[in-house]
Amino acid sequence: MERKIFEPSVLLMIALLLCACLIASLPTQAGQGKRKDTSQSSNPQQAAEEASPEEPGSGAFQSEMRGSIERYAADRRSLNRYYEAEKHDFAAEQDSRGDRLAAEMSPAYHARMKKFDEEWLGRLQRIDFDSMSESGQIDYLLLGNYLRHDLRQLDLQAKAVSDATPLMPYAQSILDLEQSRRRMEPINSPKAAAILNKLTEQIKETRRKLEGRIKPDGTAQERPEIAGIKKTVASRAAIATEGLRSMLKRWFAFYNGYDPVFTWWVDAPYKALDKTLKDYETFLREKVVGAKPGDNSVIVGDPIGREALMSELAYQMIPYTPEELIAIAEKEYAWCEKEMKRASREMGYGDDWHKALEAVKNMHVEPGQQPELIRKLMFEAVDFVEKRNLITVPELARETLRMEMMSPERQLVNPFFTGGEEITVSFPTDTMSQDDKLMSMRGNNIPFARATVLHEMIPGHHLQGFMAARYRSYRRLFDTPFWVEGWALYWELRMWDLDFARTPADRIGMLFWRMHRCARIIFSLSFHLGKMTPQECIDFLVNRVGHERANAAAEVRRSFNGSVGPLYQCAYLLGGLQIRALHRELVDSGKMTERAFHDTLLRENSIPIELMRADLTGQKLARDFHSTWRFYNLEPGEVARGSMH
């Protein structure tokens with residue numbers, strides 16, 4: 001057989017292919033060494049893409065504790081869903097709170113969650129802390145901090161339940177019915193009907209006793225049958241009663257129509273009890289709390305007191321007292337007021353910055369033009385940070401920016417923008433009164449909006465959320481507003497320092513929000529310390545910050561309606577000040593570049609900023625770590641002065 005000889009060109013091709021395969025199998029130099037420095041690239045967008053952070057699955061993001069945290073979070077969600085303490089389909093925040101309060105009243109829920117947390121604390125104690133990586137140690141501290149805080153919260157919930165129990169003697173029976181259904185126990189229909197009839201009479205008797213304590217003019221008078229009535233406790237009872245009524249409805253719907261014997265016995269007693277519960281809830285809201293019929297706008301709140309505030313501050317790793325934080329806010333407010341006067345003088349209003357602020361409020365676009373304004377401001381902020389190479393902006397994060405309009409109902413509690421994956425814009429609708437339309441336009445004017453858009457989208461919440469979904473997402477369990485809101489507020493501070501405000505009106509727009517965040521610390525902490533009422537908080541925002549009254553009322557309502565935690569309103573400025581202090585420590589000193597600093601923080605996800613600092617500075621951690629970082633200097637005597645309110 002004739003032997004074929006390969007042509008030289010074929011042999012050359014084979015050789016080249018073999019070389020290519022060999023090269024591909026070798027580790028690259030870039031993979032072994034440091035990332036290429038592209039900070040001097042002439043194209044900031046290209047530089048940002050080339051210097052993008054490590055992939056989420058890389059070794060830099062491994063933690064020995066990740067599996068444990070994910071397991072704990074999954075198990076916790078299962079228990080919460082079982083006890084109806086965690087739901088995802090509520091149409092309104094108030095409804096959500098009612099269902100949550102009803103579930104938290106269950107002794108079975110408290111006992112099970114306490115046992116669950118204590119078991120996990122025991123597991124933590126058996127882990128060799130010193131043998132773990134720094135990421136593992138940080139996650140260990142996060143989980144331990146979370147568990148201890150949750151146990152404290154369970155105790156506080158039990159205290160809140162016990163305070164309201166005299167107003168809800170029917171609660172345990174409803175909880176027992178639902179618990180029996182959840183355990184899939186057989187239903188005894190005649191017995192269930194008897195229980196419902198008894199509850200109806202019990203509620204009527206409780207109401208009669210309360211009515212005996214209400215004078216004709218609506219004020220309470222002392223009677224020995226019930227220990228005392230506080231508006232806050234009555235409001236809590238009304239909200240929980242709404243949740244218990246919803247629970248009873250689910251219990252009834254499970255059997256009704258499917259079990260003809262159940263329907264025959266229970267249908268009429270259930271309808272009578274449901275009406276009695278609804279009437280009693282209305283009685284609590286209108287006669288005890290003092291809300292007008294059909295008026296859901298009354299603000300009562302539920303002050304938690306100094307001890308609970310200190311517990312929350314310890315959990316958030318803020319080593320300051322409430323009084324010290326108020327002093328910080330007052331000091332920052334004084335700086336803002338000084339800058340306000342300077343901008344006011346430049347606008348021709350002298351030191352009367354309130355007049356300058358009124359002029360700025362009238363710098364709004366016409367109805368229908370707000371979406372186009374927001375679009376322009378959105379991309380202006382993106383271009384600003386990219387041209388200065390301040391932070392990496394992934395192309396997909398920019399591509400997926402989007403906008404929605406906020407409903408009139410939602411604007412009752414959020415008169416300004418909200419952001420994240422999308423920006424939701426507040427502006428007048430045709431259903432608003434003329435006064436409300438004008439207040440909405442004035443409250444969402446161009447200088448105000450210019451500072452708000454960067455906070456809500458890029459480099460603020462949109463970019464933050466984009467990165468949180470891709471890096472250390474298991475840390476979302478430890479979600480803290482001091483990072484979530486602090487990050488967005490920090491960019492207001494940083495862009496002020498970088499002269500993002502081009503005109504005196506722009507400066508007033510940015511200063512208004514900064515003063516607003518100072519005021520949030522003052523009024524929210526003062527309320528929880530028992531030093532300010534909701535109405536005094538509204539007046540404070542109007543008189544000291546320059547809010548429209550309707551917007552101030554919406555702000556206070558959102559602060560105290562139970563939809564956010566007691567420190568949430570403090571977290572904006574305080575979290576921003578923490579990140580600014582860390583920036584000065586690491587960037588101003590030359591230890592990190594601006595972009596590296598910001599990119600690194602985003603890859604840590606939502607954890608207390610003091611632990612971010614520990615990670616970035618290589619601080620040696622101990623199992624018994626506790627917060628000590630004093631990120632803001634207060635002079636002796638500044639805490640005692642506090643006289644703004």
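Count residues from 1 along the sequence.
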I'd like to know if the side chain of Arg470 reaches the main chain of Phe466, judged simply by a donor and an acceptor atom lying under 3.5 Å from each other, with no hydrogens or angles considered. yes
Show your working on side-chain contact (heavy atoms from CB on, under 4.5 Å) between Arg520 and Glu485 and close with a plain yes or no. CA-CA 13 Å; Arg520 276 178 163 175; Glu485 299 297 352; over 6 Å; no
Examine distances only and state if a side-chain atom of Asn444 and a backbone atom of Phe427 form a donor-acceptor pair shorter than 3.5 Å. no
Any donor-acceptor pair under 3.5 Å from Ser559 side chain to Glu555 backbone: yes
Which atom pair, heavy atoms only, marks the closest approach of Gly576 to Leu489? CA-CD1, 4.2 Å
Grab the two heavy atoms, one from Thr429 and one from Lys437, that are nearest each other, plus how far apart they are. O-CE, 3.2 Å
With Ser133 via side-chain hydrogen bond (donor to acceptor under 3.5 Å, both in side chains) - residues at least two apart: Glu64
Residue of the set Asn605, Ile69, Thr480 for which side-chain contact (heavy atoms from CB on, under 4.5 Å) holds with Arg475: Asn605
Step through the shown structure and confirm whether more than 12 heavy atoms of other residues, nucleotides or ligands are within 6.0 Å of CG on Asn362. yes
Taken to the nearest 0.5 Å, the spacing of Ile423 CD1 from Ile458 CD1 works out to 11.0 Å
Stepwise side-chain contact (heavy atoms from CB on, under 4.5 Å) test for Ile521 and Tyr572: CA-CA 9 Å; Ile521 297 172; Tyr572 290 76; over 6 Å; no
Of all heavy-atom pairs linking Arg544 and Met515, the shortest is O-CE, 3.9 Å
Quiz item: cation-pi between Arg388 and Phe384, 6.0 Å / 45°: yes
Are Glu332 and Tyr632 close enough, and set up right, to give a side-chain contact (heavy atoms from CB on, under 4.5 Å), and what steps lead you there? CA-CA 11 Å; Glu332 287 293 309; Tyr632 193 99; 2.7 Å; yes
Step by step, work out the ring pair (Phe, Tyr, Trp, His ring centres under 6.0 Å) result for Phe631 and Tyr320. CA-CA 10 Å; Phe631 56 87; Tyr320 291 84; 5.1 Å; yes
Sidechain N-carboxylate O distance under 4.0 Å for Arg507, Glu346: yes
Could you list the residues that satisfy side-chain hydrogen bond (donor to acceptor under 3.5 Å, both in side chains) with Arg580, not counting sequence neighbours? none
Could you walk me through whether Leu357 and Phe448 pass side-chain contact (heavy atoms from CB on, under 4.5 Å), step by step? CA-CA 10 Å; Leu357 182 62; Phe448 282 18; 3.7 Å; yes
What are the two closest non-hydrogen atoms of Gly509 and Ala451, and how far apart are they? O-CB, 4.3 Å
Indicate the ring-plane relationship of Trp483 and Trp487, choosing parallel, tilted or perpendicular according to the 30° and 60° boundaries. tilted
Contacts of Glu134 that satisfy salt bridge (Lys or Arg N to Asp or Glu O under 4.0 Å) - sequence neighbours left out: none
In this structure, CG of Leu463 is separated from OG1 of Thr392 (nearest 0.5 Å) by 8.5 Å
Counterpart residues, salt bridge (Lys or Arg N to Asp or Glu O under 4.0 Å), relative to Glu358 (two or more places apart): Lys361, Arg442
Less than 4.0 angstrom from a charged side-chain N to a carboxylate O is my criterion; do Glu492 and Arg517 meet it? yes
Describe, in one word, how the ring planes of Trp513 and His547 are oriented to each other, choosing from parallel (under 30°), tilted (30 to 60°) and perpendicular (over 60°). perpendicular
Is any side-chain N of the basic residue among Arg398 and Glu386 closer than 4.0 Å to the acidic one's carboxylate O? yes
Donor-acceptor pair, distance only, cut-off 3.5 Å: does the side chain of Arg630 make one with the backbone of Pro319? yes
Roughly how far, to the nearest 0.5 Å, is the CE atom of Met495 from the NE2 atom of His455? 13.0 Å
Within 6.0 Å of CZ in Arg71, more than 12 heavy atoms from elsewhere: no
Is any side-chain heavy atom of Thr400 closer than 4.5 Å to one of Leu396? yes
Less than 4.0 angstrom from a charged side-chain N to a carboxylate O is my criterion; do Glu610 and Arg613 meet it? no
Below 4.5 Å, heavy atoms only, C-beta onward: do Ile328 and Leu573 meet side chain to side chain? no
Should Phe478 and Asn145 count as side-chain neighbours, where that means a heavy-atom distance under 4.5 Å? no
Just verifying a value: how many Å separate Leu498 CG and Leu493 CG, rounded to the nearest 0.5 Å? 11.0 Å
Do other residues, nucleotides or ligands put more than 12 heavy atoms under 6.0 Å from Glu380 CD? yes
Contact summary for Met405 and Pro371, nearest pair of heavy atoms: SD-CG, 4.0 Å
CZ-NE2 distance between Arg494 and His583, expressed to the nearest 0.5 angstrom: 4.0 Å
Suppose we screen for salt bridge (Lys or Arg N to Asp or Glu O under 4.0 Å). Which residues come up paired with Arg345, at least two apart in sequence or across chains? Asp351
State the CD1-CG distance between Ile579 and Leu574, to the nearest 0.5 angstrom. 11.5 Å
Do the side chain of His462 and the main chain of Ala397 share a donor and acceptor less than 3.5 angstrom apart? yes
Determine the minimum heavy-atom distance between Arg476 and Ala468, stating which atoms define it. NH2-C, 3.5 Å
Note, Leu373 side chain near Gln369 side chain (heavy atom, < 4.5 Å): no
Considering residues at least two apart in sequence or located in another chain, which fulfil the salt bridge (Lys or Arg N to Asp or Glu O under 4.0 Å) criterion with Asp150? Arg76
Note: Glu585-Lys591 ion pair, threshold 4.0 Å (strictly below): no
Between Tyr490 and His598, does the ring centre distance come in under 6.0 Å? yes
Run the salt bridge (Lys or Arg N to Asp or Glu O under 4.0 Å) check on Glu339 and Arg342 step by step: do they pass? CA-CA 5 Å; Glu339 290 296 317; Arg342 187 162 72 91; 2.9 Å; yes
Compute whether any side-chain donor of one residue and acceptor of the other, for Gln370 and His364, lie under 3.5 angstrom apart. no
